[in-house]
Amino acid sequence: MAHNYILQVTTGSEYDVKTHKIVPVNQSTPVIIDTEHITVDLNVRIQSYRGLPHSSPSTSPYFSLPPHDKSQDQYSIAFRFTPKKAINGDDLVFGNDFDHPIRDRLPPGFNTAFRIVKWVVDPGLDGDVYADKPYLYGPAASSVNRLFVGPKTGGEGLKEEEGGGEGIGYHEAGLVFEEGGDEEGMDVRMEKGVPETEAARKKHFLVEEKRKEWEWEEGRVYGCDFYNPYLDFNDFALRLPGFTLPIMNYWDGQGLRKTQKRSHSLRYTLKNRATDTVLFVVLFTLYLKEDVDEEGNVKEGVEGGKPFEGKGKGVGGDGEEDGEGAIVEGEGKEEGKQQLPETSEDDVD
């Protein structure tokens, strides 16, 4: 089934795909999002990418850098952001969400997949997959693989005309972050008792009290990278240790449909849950190849699509608005509603 579809990645400051920008996958120039709440520079990398735009590189030098070369990471969402108002560490969350129920669309094996994801990817993951608008978020402070704390910039972050071409994380491959911070950032981490290593920092922020002591400061620049080797965007499968889930069969409920859905989407969201403010989203949308022309435009009338707007622009899709979905990181339904499994800070090495 996967060979019938082609992938498009878009990003924006809200869920409405009509407001999104095309993400130049595997290219070094970041996409810039600038709102009243936040300034963001964003790179998305996908290994062996075969999606839109057609001119996209199939890979990025990023995947040759450590630790990605040894861990064989398959994708990355790297972002540098500056909050324009302070956000408490317990309130900034990152994860998957949907606009429609998925409780009756969860595939067999979902319980097992979720427990493995909690174990190997994000022990802080929590949410409600049975809600009318289901979600699974983890605290950003413990969910991201890399956290780099930078300097204060006065609240505006990098200006758009700079194009993300300087500042923390600048690399020929795009945004690349190490765990830690600059001199000022390391002082902030030390003052708040945040450990220096990735694993210890994640374990630290699994404790609610520690998260509440942390503040994503107004005007300070942070660098984050979220990546793993488990989600394969070419075969559309979740490959976990000892377990593989063919998510293409259930992406937006496809496995329960008698006919192919025209588009499907998976959404990652960074938000302030205290105010329910969406800060930015990254939308991975699959289109039937027959619905995309040779130029890479989604054909007129295809739901969720919008035409390219010149070079560097592209189509986006929100196949979520009317469809049924399945999320990668979630809890399944076996006999009635079940609680999400508990995970403590001891589950992080």
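Worth knowing before you read on, the calculation uses all heavy atoms, side chains too, and leaves out hydrogens, waters and symmetry mates. Just so you know, residue 1 is the first one in the sequence shown, and it goes up from there.
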Donor-acceptor pair, [X] side chain versus [Y] backbone, under 3.5 Å?
X: T11; Y: V281; result: yes
X: R80; Y: I168; result: yes
X: Y49; Y: L52; result: yes
X: K152; Y: V221; result: no
X: N88; Y: K212; result: yes
X: K21; Y: T10; result: no
X: Y222; Y: E217; result: yes
X: D16; Y: K18; result: yes
X: H20; Y: E14; result: yes
X: K118; Y: P123; result: yes

Considering only heavy atoms from C-beta outward, does the side chain of [X] approach that of [Y] to under 4.5 Å?
X: K192; Y: V194; value: yes
X: V17; Y: L283; value: yes
X: V93; Y: D91; value: no
X: D73; Y: N145; value: no
X: P139; Y: L92; value: no
X: Q74; Y: I46; value: no
X: P57; Y: Q27; value: yes
X: V121; Y: Y230; value: yes

Working to the nearest 0.5 angstrom, can you tell me the gap between [X] [atom1] and [Y] [atom2]?
X: D99; Y: D132; atom1: CG; atom2: CG; value: 12.0 Å
X: L125; Y: Y135; atom1: CG; atom2: OH; value: 11.0 Å
X: I87; Y: L270; atom1: CD1; atom2: CG; value: 7.0 Å
X: S58; Y: Q47; atom1: OG; atom2: CD; value: 7.5 Å

- Walk me through it: do V44 and V282 pass the test side chain to side chain contact (heavy atoms under 4.5 Å, CB included)? CA-CA 9 Å; V44 174; V282 179; 4.1 Å; yes
- Mind checking whether M186 and V188 sit in one hydrophobic cluster, side chains of I, L, V, M, F, W, Y counted as touching below 4.5 Å?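 No, no single cluster joins them.
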- Do F226 and F94 make the cut of ring centroids closer than 6.0 angstrom? yes
- Tell me whether the centres of the aromatic rings in F284 and F233 are closer together than 6.0 Å. yes
- More than 12 heavy atoms from other groups under 6.0 Å of CD on Q72: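 No, because the 6.0 Å sphere around CD of Q72 holds 12 heavy atoms or fewer from other groups.
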Any salt bridge between [X] and [Y], counting N to O under 4.0 Å?
X: D128; Y: K133; answer: no
X: R211; Y: D90; answer: yes
X: K84; Y: E36; answer: no
X: D276; Y: K271; answer: yes
X: R189; Y: E179; answer: yes

- Verdict with supporting geometry, Q8 and T285, side chain to side chain donor-acceptor pair (under 3.5 Å): CA-CA 5 Å; Q8 175 74 70; T285 303; over 6 Å; no
Of all heavy-atom pairs between [X] and [Y], which one has the smallest distance, and what is that distance?
X: G51; Y: I6; result: CA-CG1, 3.8 Å
X: R45; Y: N26; result: CA-OD1, 3.2 Å
X: G138; Y: D122; result: CA-OD2, 4.0 Å
X: L286; Y: L7; result: CD2-CD1, 3.8 Å
X: S142; Y: K202; result: O-CG, 3.4 Å
X: S71; Y: P229; result: O-CB, 3.3 Å

- Might you work through the side chain to side chain donor-acceptor pair (under 3.5 Å) test for S64 and D69, ending with a clear yes or no? CA-CA 5 Å; S64 298; D69 53 348; over 6 Å; no
- Other than V176, which residues form its hydrophobic cluster under the rule that side-chain heavy atoms must be closer than 4.5 Å?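 So far as hydrophobic clustering goes, V176 is joined with Y62, F63, L65, Y227.
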- Message: Assess the residue pair Y268 and N96 against the criterion (side chain to side chain contact (heavy atoms under 4.5 Å, CB included)); give the C-alpha distance rounded to whole Å, side-chain angles, the decisive distance to 0.1 Å, and a yes or no.
- Response: CA-CA 5 Å; Y268 283 88; N96 302 115; 3.5 Å; yes
- Taking only residues two or more places apart in sequence or in another chain, which ones pass ring-ring contact (aromatic ring centres under 6.0 Å, His included) with F148?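 F148 satisfies ring-ring contact (aromatic ring centres under 6.0 Å, His included) with no residue once adjacent residues are dropped.
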- Do you see a donor-acceptor pair shorter than 3.5 Å between the side chains of D97 and Y137? yes
- Message: My understanding is that only one of W216, F280, F177 makes a ring pair (Phe, Tyr, Trp, His ring centres under 6.0 Å) with F81; could you say which?
- Response: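 With F81 as partner, W216, F280, F177 yield a single ring pair (Phe, Tyr, Trp, His ring centres under 6.0 Å), made by W216.
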- Message: Can you see whether Y15 has R267 sitting over its ring - NZ or CZ less than 6.0 Å from the centre and within 45° of the normal?
- Response: yes
- Task: Start with the C-alpha gap between S76 and D225, add the side-chain angles, then the distance that decides, and say whether side chain to side chain donor-acceptor pair (under 3.5 Å) holds.
- Result: CA-CA 7 Å; S76 158; D225 197 355; 2.7 Å; yes
